[in-house]
Amino acid sequence: DYEIWYKGFDVTPDADGQSALVLTLDFTNNGKEATSYLWAVSEKVFLDGIGLNTATVLQDGNSKGTVAETQLTEIMPGKTIEVKSAYSLPDGDKKTLEAEFSQLLGKKKGILTIDLEDTLP
């Protein structure tokens with residue numbers, strides 16, 4: 001099993017200068033073998049019921065690495081790692097974000113709802 005803890009989000013430009021939403025999570029491996037977030041969890045994000053496309057957001061101005069690279073890092077059982085996911089954020093009214101997390105090889109599912117209306121410009 002795995003645990004996912006929502007830590008927050010940022011809105012930042014992606015590699016093309018468009019608005020992107022970056023979710024920050026803690027991923028804990030409670031399984032019996034080393035695994036990565038990407039191999040343990042299926043993640044889908046919806047804005048007002050419409051699926052968002054993933055975005056490329058660089059770690060910083062001097063790096064070619066993306067914020068989502070930690071999703072590939074394998075961790076041993078009992079360890080926790082911070083992971084980030086980036087999604088293209090369309091222009092227009094922004095109200096409700098729903099992130100759906102489910103086990104890749106299981107039946108557990110969780111949905112996180114975030115009200116964006118008062119937090120974005």
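For the pair L112/E100, no side-chain contact is recorded, criterion being any heavy-atom separation below 4.5 Å from C-beta on. Under the 4.5 Å side-chain criterion, counting only non-hydrogen atoms from C-beta, S88 is not in contact with T54. Put simply, the side chain of F101 reaches to within 4.5 Å of the side chain of L25, judged on heavy atoms. Contact annotation: the side chain of K84 never approaches that of V57 to less than 4.5 Å [non-hydrogen atoms, C-beta and beyond].
Of the possible donor and acceptor atoms, none in the side chain of Q59 sits under 3.5 Å from a partner among the backbone N and O of V67. Remark: side-chain polar atoms of Q71 are not paired, donor with acceptor, to backbone N or O of L38 under 3.5 angstrom. Proximity of a side-chain donor or acceptor of D48 to a complementary backbone N or O of T96 within less than 3.5 Å is detected. With hydrogens and angles ignored, the 3.5 Å screen pairs a side-chain donor or acceptor of N29 with a backbone N or O of I75.
The side chain to side chain contact (heavy atoms under 4.5 Å, CB included) check on K32 picks up nothing, with sequence neighbours excluded.
Counting all heavy atoms, side chain and backbone alike, Y37 lies closest to I4 at CE1-CD1, 4.2 Å. Of all non-hydrogen atoms in A55 and A20, the two that sit nearest each other are CB-CB, 4.0 Å. Here the closest heavy-atom approach between residue L89 and residue L21 is recorded as CB-N, 4.3 Å. Closest approach of V45 and A99 over heavy atoms only: CG2-CB, 4.1 Å. Contact between L52 and Y87 at its shortest, heavy atoms only, is O-CD2, 3.7 Å. In terms of heavy atoms, E43 sits closest to S85 at OE2-OG, 2.8 Å.
Cluster annotation: L47 and Y6 are assigned to the same hydrophobic cluster (Ile/Leu/Val/Met/Phe/Trp/Tyr, side-chain heavy-atom contacts under 4.5 Å, transitive). In this structure, V22 is not a member of the same hydrophobic cluster as I81, with clusters built from ILVMFWY side-chain heavy atoms closer than 4.5 Å. Hydrophobic cluster membership is shared by L23 and V11, with clusters built from Ile, Leu, Val, Met, Phe, Trp and Tyr side chains linked at under 4.5 angstrom.
Among residues at least two apart or in separate chains, salt bridge (charged side-chain N to carboxylate O under 4.0 Å, His left out) pairs with a member in residues 5-19 are K7-D26, K7-E82.
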What verdict does the side-chain contact (heavy atoms from CB on, under 4.5 Å) test give for V41 and F27, after you've listed the backbone C-alpha separation in whole Å, the side-chain angles of each residue and the deciding distance to 0.1 Å?
CA-CA 10 Å; V41 178; F27 168 69; 4.1 Å; yes
Run S36 and E74 through side-chain hydrogen bond (donor to acceptor under 3.5 Å, both in side chains) and show every step you take.
CA-CA 4 Å; S36 67; E74 286 200 10; 5.6 Å; no
Evaluate the side-chain contact (heavy atoms from CB on, under 4.5 Å) criterion for residues Y2 and T35: first the C-alpha distance (whole Å), next the side-chain angles of each, then the deciding distance (0.1 Å), finally the verdict.
CA-CA 10 Å; Y2 314 102; T35 193; 3.5 Å; yes
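Within the model, atoms OG1 of T113 and CG of L97 stand 8.0 Å from one another, a figure rounded to the nearest 0.5 Å.
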